[in-house]
Amino acid sequence: MGIDGLLTFVRSASSEVHISKFAGQRVAIDASSWLHRGAFSCARELALGQETDRYLRFPLRMIAMLRSHCVEPVLVFDGAKLPMKVRTDRLRSAARSAALQRAHREQRDKDFTDSITVTPAMADRLLRKLRESDTAFVVAPYEADAQMVFLVEHGHCAAAITEDSDLLAFRCPRTIYKLSPETGYCRLHSFDDLCHATDSSGSLLFDDWQSWKTGLFTDMCILSGCDYLPSIPGVGLKTAHAALSTHRSMQRAISALHDKFIWSKAQSADPAGRAELLQLTSEHLELCTMCQQIFKYATVWDPVSAALVPLHQLGTSLDIRDRDRLGPLMAPSDAKLLCEDGVLDPTSLQLYPTVEQSTASMPKREDVRSRFFDAVCPRVNTAACEPSSISIVQQNVVRRETAESALPLNEGAVAPCETDTFLYSAGVRSPMHFKAFHVPLSDEAKTAAFESAHLFAIDSPPCLGDAFLQRFRGI
DNA sequence: CCCTAGGGATACTA
DNA sequence: ACTCGTCCCTAGGG
């Protein structure tokens, strides 16, 4: 989805080029989008759970095409889901499963293709092919978009190839859209060229480009509705652009839009109702600020320092809950296995099943065991379980009662936060069944663990966008 | 009049 | 026991 209509909105500032323009350079590739397109060739098989790997053909052909023009690809894979994106993800997966049900009933081709979903297992298959052919890749800890922007900004890649307009919201210096598999022609968006963007009448869209470049452009994307936050119903790109053009700040633009789209609808509101509207406005501003942070400081993998870092340098230290929204950090050893080696499933942080079986490519057991696990549970009896099966896991449902219950000797750790939504957990996976052990952690211990870049696991927080929209509709 | 939101066609393969 | 669409056209609202 990305930003609805953004690419056509700024089309005047883009240019048609041939991919050979980047000959002799590396480009970052959005691997998921290629896997998605490849999956159309075998939609029915995938939907019915039949064994196939035809979805690999398209990405492999695209890689060959790039190399034929002396362009070296770096494939970037998606990582775990950001908590603020759960609203979008739920909508998508609901639509897919509905299509799948229709497909089973009616056997229509369209329903099969609509039900297509790219799974981590498919990404794993592609990763194996990439290792065989010596093709570079990175697995993003979270959003592939942010990871690609990091690679371009730090000179590892000359440009990013994708279909997702979010890269512009992330302010990617050079983004390539609509790369043709046959001809190699594509559409290049250079971020700094946006200063020349015009509307249909020919007047400049972004007057005083410097202020748009440093923030207002991303603010416009957020206000018009992005994957992390829906817009005020009735507000799209043009309206967001107009509001920011005149008011020149997110805060003033929001209050102006609320005046126009919300307050005017509730003219008859009593004093209590007006207070609630005021509250709604300030809540919306807060949500938009969170989005600003994600677009600026999303967690990415730095291949040079081999560590998880924010996309841009953090100016100030963030509150721990704000920090978690950008993508929780994890144990350094796990981060390397996930992002550089590509042998972990991003959401479970477990080894891909088939990797576990082939001992040849299996990492050393010491690497798999998390240092966080040792730090939090020094008394754990590791001999009681297989060392290779110890790993940090993200625990979906851990109740406070469980966490505060008495704690036998060889048990792991979990610390509930004030909200019960952000949890710190370590677990042990035995070959037969999963067991998670819990101990309460003090606030100091949580902060200490965080600062030493150890693991955080998060449960799904409430859908922030939903709450906002529901209250809006209630007016 | 302009803008947003939603529906329909469409992708992939040799 | 499973991760992301997009373009074009039009109806309908402000």
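Residue numbering restarts at 1 for every chain, and letters A, B, ... go by the order of the sequence lines.
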Quiz item: 5'-most contact on DNA chain C: A/Thr8 or A/Ala123, nearest heavy atom basis?
Solution: A/Ala123
Exercise. Answer whether the closest heavy-atom distance between the side chains of A/Leu167 and A/Met148 falls below 4.5 Å.
Key: yes
Self-check item: P gap between B/dC12 and C/dC8, integer Å
Solution: 16 Å
Exercise. Remember a base hit wins even if backbone is also touched, and classify A/Asp30 as base, sugar-phosphate or nothing at under 4.0 Å, heavy atoms.
Key: base
Exercise. Give, ordered by number, those residues of residues 165-184 of chain A having at least one heavy-atom distance below 4.0 Å to an atom of DNA chain C; if nothing qualifies, reply none.
Key: A/Lys178
Quiz prompt | Aromatic ring proximity, centroids under 6.0 angstrom, A/His69 and A/Phe22 | solution = no
Quiz item: Taking only side-chain nitrogens and oxygens of A/Arg92, does any of them come within less than 4.0 Å of OP1 or OP2 of C/dG5?
Solution: yes
Practice problem: Determine the Euclidean distance between corresponding P atoms of C/dT10 and B/dT10; express it in Å to zero decimal places. | Solution: 16 Å
Quiz item: With a 3.5 Å cut-off and no angle check, do the side chains of A/Thr117 and A/Arg92 form a donor-acceptor pair?
Solution: no
Quiz item: Checking all strands, does A/Leu35 fall into the base, sugar-phosphate, or nothing category for heavy-atom contacts under 4.0 angstrom?
Solution: nothing
Quiz item: Given the C1' atoms of C/dG5 and B/dG6, what is the spacing between them in whole Å?
Solution: 15 Å
Exercise. Would you grab the first and last nucleotide of DNA chain B (5' to 3') that comes under 4.0 Å of any non-hydrogen atom in chain A?
Key: B/dC3 to B/dA14
Quiz item: Quick one: does A/Tyr142's side chain have a donor or acceptor within less than 3.5 Å of a partner on A/Pro328's backbone?
Solution: yes
Practice problem: Using a heavy-atom cut-off of under 4.0 Å over every strand shown, decide if A/Gly234 touches base, sugar-phosphate, or nothing. | Solution: sugar-phosphate
Quiz item: Between A/Asp53 (CG) and C/dC2 (C1'), how many Å, whole number?
Solution: 17 Å
Which protein N or O atoms sit under 3.5 Å from an N or O of nucleotides 12-14 of chain C?
none

Practice problem: Output, in order, the C-alpha distance, side-chain angles, deciding distance and verdict of side-chain hydrogen bond (donor to acceptor under 3.5 Å, both in side chains) for A/Thr162 and A/Asp164. | Solution: CA-CA 6 Å; A/Thr162 183; A/Asp164 194 340; 5.5 Å; no
Self-check item: The single option from A/Leu285, A/Thr281, A/Asp219, A/Thr289 passing side-chain contact (heavy atoms from CB on, under 4.5 Å) against A/Gln251
Solution: A/Leu285
Quiz item: If you look at every strand shown and take non-hydrogen atoms under 4.0 Å, does A/Arg57 touch a base, only sugar-phosphate, or nothing?
Solution: sugar-phosphate
Exercise. Describe the nucleic acid contact of A/Thr113 in one word from base, sugar-phosphate, nothing, applying a heavy-atom distance below 4.0 Å.
Key: base
Quiz item: With side chains defined as the heavy atoms from C-beta onward, is the minimum distance between A/Pro173 and A/Glu153 less than 4.5 Å?
Solution: yes
Quiz item: A/His154 vs A/Phe150 aromatic rings, parallel, tilted or perpendicular, using cut-offs 30° and 60°?
Solution: parallel
Practice problem: Using a heavy-atom cut-off of under 4.0 Å over every strand shown, decide if A/Thr117 touches base, sugar-phosphate, or nothing. | Solution: sugar-phosphate
Quiz item: Please give, in whole Å, the distance from C/dC2 P to A/Phe77 CZ?
Solution: 20 Å
